[in-house]
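What follows is one structure encoded as structure tokens, with my remarks underneath.
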Amino acid sequence: PPPHVKFIFATTEVHKVPLTILSRVQCFDFKMISVRTIASRLRYVLEEEKIQADDTSVSLLARQAAGSMRDGMSLLDQVIAFGGDRLVGEDVARVLGVAGRGALLDVARALLEGSADRCLQVVRDLAEQGFDIPHLARDLLGLLRDLVVAKVAKDPGELLDLSDDERGEVVELARGASESDLLRLHQSFSKSFDEVARGADPRASLEMLLVRLSLRPPLLPVDELLHRLSHLERRLSDPNARPARAEEDRATAEARSHYEMGLKLFDARDHAQALIEFERANELKSRPAALFMMAQCQYLLGRLKEARGNY
């Protein structure tokens with residue numbers, strides 16, 4: 001072919017291209033375009049077309065483009081056909097079938113405040129407006145990720161692919177929460193996401209997930225857990241205040257029941273509630289149960305020390 005002719009082979013599955021071809025070509029990996037870059041370009045097009053649009057609508061379009069400028073322009077054509085010369089965030093969200101940023105922040109704020117009632121109200125309002133529940137759950141998972149990043153990163157600007165206004169809202173919301181609580185929310189929501197996306201009743205699955213996360217027990221620092229468990233071990237080794245012989249069997253059975261419940265809670269990473277069950281078992285002053293649990297406490301102490309090293 002003449003020198004000015006260039007052959008371009010584009011694929012999204014480069015791993016399927018034989019090595020004999022890859023060794024004879026130059027490879028250029030195209031990356032997704034950032035939300036801010038897409039938003040800037042959309043804003044330029046809107047200004048050229050003399051169409052007014054608020055920042056919320058532009059941010060929604062840029063985010064739903066998912067890194068593709070072409071998709072962003074296609075979505076812009078759709079909302080212009082609906083909204084005409086003026087685009088408003090609420091109308092754009094309705095056309096795209098996605099929840100607005102304000103609704104997502106309301107849910108995240110309710111989760112951090114432990115308000116299950118508010119979470120259910122927001123989900124109800126969005127469901128009645130016809131929004132896609134799995135899509136809502138996916139956007140909410142992304143927001144929880146952004147909250148974790150905003151909390152732990154010294155300069156989250158480059159790590160949060162958001163507009164300036166959205167970034168400010170996320171940073172402000174994350175400021176009032178702890179790193180461990182935000183991380184726990186994200187991990188718990190991520191593990192249950194498939195139940196919402198693929199379940200027979202996505203709305204009910206999402207509602208129950210939000211209620212469970214809203215009612216989560218408070219986290220205790222690992223150092224405090226270690227101190228309380230060490231104190232419990234010392235109390236278990238105390239031979240004083242033993243119950244009467246007639247009460248020994250009953251106290252032992254009840255103590256063992258509390259202890260086994262504590263083990264289940266401990267394995268579920270609910271350390272605070274687990275310690276409560278351990279302390280209830282110790283209050284029964286059952287000597288056989290105490291001897292049995294002392295050895296187990298050594299194991300739990302080792303587990304907690306490992307956990308402290310991982311935090």
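Starting from 1, each residue takes its place in the sequence as its number.
Side-chain contact between L147 and K151 is absent, with no heavy-atom pair separated by less than 4.5 Å. Side-chain contact between S68 and I33: absent, with no pair of heavy atoms (C-beta onward) separated by less than 4.5 Å. At least one side-chain heavy atom of L22 sits less than 4.5 Å from a side-chain heavy atom of V14. Side-chain contact between L46 and L76 is present, with at least one heavy-atom pair separated by less than 4.5 Å.
Checked by atom type, the side-chain pair Q121/D117 shows a donor-acceptor distance below 3.5 Å. Side-chain contact of T37 with S40: a donor-acceptor pair under 3.5 Å is absent, judged by distance alone.
For the residue pair V196 and A137, the shortest heavy atom distance occurs at CG1-CB, 3.8 Å.
With sequence neighbours left out, D54 forms a side chain to side chain donor-acceptor pair (under 3.5 Å) with S57.
Salt-bridge annotation for D55 and R43: present, with a side-chain N of the basic residue lying under 4.0 Å from a carboxylate O of the acidic one. The pair R63-D139 does not count as a salt bridge, with every side-chain nitrogen at least 4.0 angstrom from each carboxylate oxygen.
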- Task: Run the numbers on D106 and R118 for salt bridge (charged side-chain N to carboxylate O under 4.0 Å, His left out), then give the verdict.
- Result: CA-CA 8 Å; D106 281 346; R118 179 57 184 162; 3.4 Å; yes
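More than 12 heavy atoms of other residues, nucleotides or ligands shown are found within 6.0 angstrom of CZ on R124. Applying the 6.0 Å contact sphere to CE of M69 captures more than 12 heavy atoms from other residues, nucleotides or ligands. Annotation for I21: atom CD1 counts as buried by contact number, over 12 foreign heavy atoms lying within 6.0 Å.
Pairs of residues two or more places apart, or lying in two chains, that qualify as side chain to side chain donor-acceptor pair (under 3.5 Å) and include a residue from residues 15-25 are E13-K16.
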Could you pull out all donor-acceptor pairs under 3.5 Å where a side-chain atom in residues 203-213 meets a protein atom, sequence neighbours excluded?
residue, atom, partner, partner atom, Å
R203, NE, E207, OE2, 3.0
S205, OG, D201, O, 3.2
R212, NH2, S192, OG, 2.9

